[in-house]
> 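One structure coming up, written as structure tokens, with questions to follow.
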Amino acid sequence: MLELPETSVDRIIRRAGGIRVSKTAAKELTEIIEKYALEIATEATTLAKHAGRKTVRDVDIRLALKR
């Protein structure tokens, strides 16, 4: 279930100093980022529901990151 483009993740790795990036490295980081993002989004959704909202706001994301 890869939703992020691997090319975008490849660019992130290169910006961090990677001169050459294998496809498997980009794919692995993509999977890790997506898993982490899903955990954050799930927590943010829970926080929004607890606040009585259907809309997840930036503040929910920030709070979810702190948990």
Side-chain angles (χ1 to χ4, degrees):
M1 169 191 96
L2 297 179
E3 305 239 353
L4 290 173
E6 287 178 33
T7 53
S8 297
V9 176
D10 181 279
R11 279 193 301 271
I12 291 169
I13 296 170
R14 288 176 194 277
R15 266 191 257 152
I19 296 170
R20 293 173 55 184
V21 181
S22 71
K23 284 190 175 237
T24 55
K27 182 178 180 183
E28 185 68 22
L29 185 56
T30 300
E31 290 174 3
I32 291 168
I33 290 170
E34 287 184 355
K35 181 180 178 222
Y36 187 57
L38 183 60
E39 290 172 8
I40 294 167
T42 301
E43 181 65 23
T45 301
T46 301
L47 291 167
K49 286 180 184 176
H50 180 72
R53 291 184 273 106
K54 292 182 180 179
T55 303
V56 176
R57 296 175 46 201
D58 57 338
V59 81
D60 300 317
I61 300 294
R62 287 191 196 107
L63 284 172
L65 278 170
K66 292 180 181 180
R67 291 181 152 214

> Looking at every non-hydrogen atom in both residues, tell me the closest pair between A64 and A44 and how far apart they are.
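In this case the closest contact between A64 and A44 is CB-N, 3.7 Å.
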> Look at the side chain of E6 and the backbone N and O of T30, then say whether any donor-acceptor pair between them is shorter than 3.5 Å.
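Absent.
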> How about T24 and E28: do any of their side-chain heavy atoms sit closer than 4.5 Å?
no
> So how far is it from T7 OG1 to K23 NZ, rounded to the nearest 0.5 Å?
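If we round to the nearest 0.5 Å, T7:OG1 and K23:NZ are 9.5 Å apart.
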> Rounded to the nearest 0.5 Å, what separation is found between the CZ atom of R11 and the CZ atom of R14?
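Output value for this atom pair is 10.0 Å.
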> State which residues pass side chain to side chain donor-acceptor pair (under 3.5 Å) with R67; sequence neighbours excluded, sorted by chain then number.
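Counting only residues at least two positions away or on another chain, R67 forms a side chain to side chain donor-acceptor pair (under 3.5 Å) with E43.
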> Is there a path of hydrophobic side-chain contacts, each under 4.5 Å between heavy atoms of I/L/V/M/F/W/Y residues, joining L65 to I32?
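Looking at the clustering, L65 is in a separate group from I32.
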> How far does CZ of R15 sit from CG of D10, to the nearest 0.5 angstrom?
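Going from CZ on R15 over to CG on D10, the span is 10.5 Å.
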> About how many Å separate CD1 of I61 and OG1 of T45, when rounded to the nearest 0.5 Å?
7.0 Å
> Drop me the distance from D60's CG to H50's NE2, to the nearest 0.5 angstrom.
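Reported to 0.5 Å precision, the distance equals 11.0 Å.
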> Residues in side-chain contact (heavy atoms from CB on, under 4.5 Å) with I33, at least two apart?
L4, V9, L29
> Decide if atom CZ of R57 counts as having more than 12 heavy atoms of other residues, nucleotides or ligands within a radius under 6.0 Å.
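Not more than 12 within 6.0 Å, no.
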> Determine the minimum heavy-atom distance between T55 and R53, stating which atoms define it.
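Smallest interatomic distance, heavy atoms only, reads O-NH1, 2.9 Å.
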> When clusters are formed by joining ILVMFWY residues with side-chain heavy atoms under 4.5 Å apart, either directly or through shared neighbours, do L63 and I40 land in the same one?
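Different clusters: L63 never reaches I40 through Ile, Leu, Val, Met, Phe, Trp or Tyr contacts under 4.5 Å.
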> Going by side-chain contact (heavy atoms from CB on, under 4.5 Å), name the residues that satisfy it together with T46, two or more places apart in sequence or in a different chain.
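Counting only residues at least two positions away or on another chain, T46 forms no side-chain contact (heavy atoms from CB on, under 4.5 Å).
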